[in-house]
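One is the number of the first residue; the rest follow in order along the sequence. Ligands are counted one by one from 1 in listed order, and the atoms in each one are counted from 1 as well.
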Amino acid sequence: MPQSPNCPHILFLFSDTGGGHRSAAEAIIEAIHLEYGGHISTDMVDIFKQYAPQPLSRVPELYPLFVRFPQAWGLGYRLSNGHHRARFISASAYPYVRHRIHALVNHHPSNLIVSVHPLANAPVLRALGKRRPPFIIMVTDLVTTHALWYHRGADLCLVPTDTAYQRALACGLKPSQLQVVGLPVAERFCQMKGNPLETRIRLGLPTDQPIILLVGGGEGMGPLEKTALSIEEARLPVTLVIITGRNKELKKRLDRHEWVIPTLVYGFVHEMPDFMQAADILITKAGPGTISEAFIAGLPMILYSRLPGQEDGNVTYVTAHGAGVWAPKPEKIVAALRYWLENPEQRYKASEAARRLARPQAARSVAHLLVAQLGVKSG
Ligand code: UDP
């Protein structure tokens, strides 16, 4: 929303490294506008694309390539994940990014700044100096959260789970700086219209077969293709809906394949809530955004891959609560699918467990907490 001289302005710092940071920021912005109408203006800045020097500005573009090497990613994550190491990394990078981060701060005068990206916190707080608006961190990883999220200078740090809360304490934040709110999810997931049957008809999906939704995060990551081909080979009596996100190469390959079971392939979709409502089972990478959305949709999950480090805890969280299973190999995925198809009562149990973990109020709670910092009344 454009900035008006009469409205308090909130700046959101994010980056398209995966889809989760953007989804969380957009969900909060939507909740602010739903709760406070036009009384508050907002904007979003991609810290890498818009304000990092070359070659860092290419990080969002290169991110899908980095995560294609999960072992190397996991090693980098572990080596950097400590309070002192995080401070050292931020301090070493600052001279290199300082000029651009000062430009960001000068171009976007705001009454409140919200960071939904761990790499924004230290440089932006440093560039802002002492006379600054309130700075709030919304952690968008669910369980295993990197030390870079937890900057002690933040006025408030909002976390999605109790485990993230404990991690924040271990990184030196005070209880008064912390609040557990859940992960903000778009209103469209929380206020579903119609029922699964109507949604299937609207999406042109069959109504007489279980629908299996396959998703690999915003970038179509993990062995989506291998998984889909194994389900096809097993000739399971299902319709496959594969969402490849921004992975255009994968979409092309899957489009060329002659499927022997009913299969629909989509690129990046904006109707994820509809697809989740229409589906019976979700097969997904353990991304925090997708998992939190599936909790709200009550969709049982088969987690087929995870980013080592930041997504490890998501797997434990889902499986320990009975909302899904971990099946890192195509044959395990097929076995889990077959079990749920043959034992629908077990699938319903997982669906109920997923619903119990849902936090549909998260985005609105965050909106209230942010706006409380501005002293604006609900409109
Ligand atoms: N998403 C979407 N359309 C797509 C693929 C993904 O809107 O075609 C959204 C999905 O609903 C979720 C986000 O992108 O909100 C992915 O976030 P997640 O944390 O699951 O994974 P990431 O992409 O950050 O690794």
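- With hydrogens left out, the protein atom closest to atom 18 (P) of ligand 1 is G289 N, 3.6 Å, a heavy atom.
- Here the shortest heavy-atom distance to atom 10 (C) of ligand 1, taken over E293, E219, R306, belongs to E293.
- A donor atom on one side chain and an acceptor atom on the other are found under 3.5 Å apart for H117 and T17.
- Between E198 and K193 no salt bridge is recorded (no basic side-chain N to carboxylate O distance below 4.0 Å).
- Ring centroid separation for the pair H321 and Y317 comes in under the 6.0 Å cut-off.
- What sits closest to atom 20 (O) of ligand 1 on the protein, heavy atoms only, is T290 OG1, 2.6 Å.
- Looking at L303 and V318, their side chains come closer than 4.5 Å, going by heavy atoms from C-beta outward.
- If you check which protein heavy atom lies closest to atom 17 (O) of ligand 1, you get G20 N, 3.3 Å.
- Considering only non-hydrogen protein atoms, atom 25 (O) of ligand 1 sits nearest to K285 NZ, 2.8 Å.
- Of the N and O atoms on the side chains of Y51 and H102, not one donor lies less than 3.5 Å from an acceptor on the other residue.
- Against a heavy-atom cut-off of under 4.0 Å, G245 is close to the following atoms of ligand 1: 8 (O).
- At least one heavy atom of G267 lies less than 4.0 angstrom from ligand 1.
- Using a 4.0 Å cut-off between heavy atoms, R22 makes no contact with ligand 1 at all.
- You'll find the ring centres of H83 and Y150 outside the 6.0 Å limit.
- Residue contact check for ligand 1: R246 places no non-hydrogen atom closer than 4.0 Å to it.
- Under 4.0 angstrom from ligand 1, there are no non-hydrogen atoms of H270.
- Counting protein heavy atoms only, atom 1 (N) of ligand 1 is closest to M272 CE, 3.9 Å.
- Residue, atom and distance of the protein heavy atom nearest to atom 23 (O) of ligand 1 are G19 N, 2.6 Å.
- Taking 4.0 Å as the cut-off between side-chain N and carboxylate O, D312 and R78 do not count as a salt-bridged pair.
- By the 4.5 Å heavy-atom criterion applied to side chains, P160 and V139 are counted as neighbours.
- Contact annotation for V269 and ligand 1: heavy atoms of both the backbone and the side chain come within less than 4.0 Å of the ligand.
- Remark: of the listed residues Y77, W73, W149, W73 is the sole one forming a side chain to side chain donor-acceptor pair (under 3.5 Å) with Q310.
- Between I243 and ligand 1, a contact under 3.5 Å exists for no N or O pair.
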**Request:** Could you go through the side-chain hydrogen bond (donor to acceptor under 3.5 Å, both in side chains) check for D46 and S15 one step at a time?
**Result:** CA-CA 5 Å; D46 187 319; S15 186; 2.8 Å; yes
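- Ligand 1 places these atoms under 4.0 Å from at least one heavy atom of M221: 25 (O).
- Contacts of S23 with ligand 1, taken as heavy-atom pairs under 4.0 Å, involve the side chain alone.
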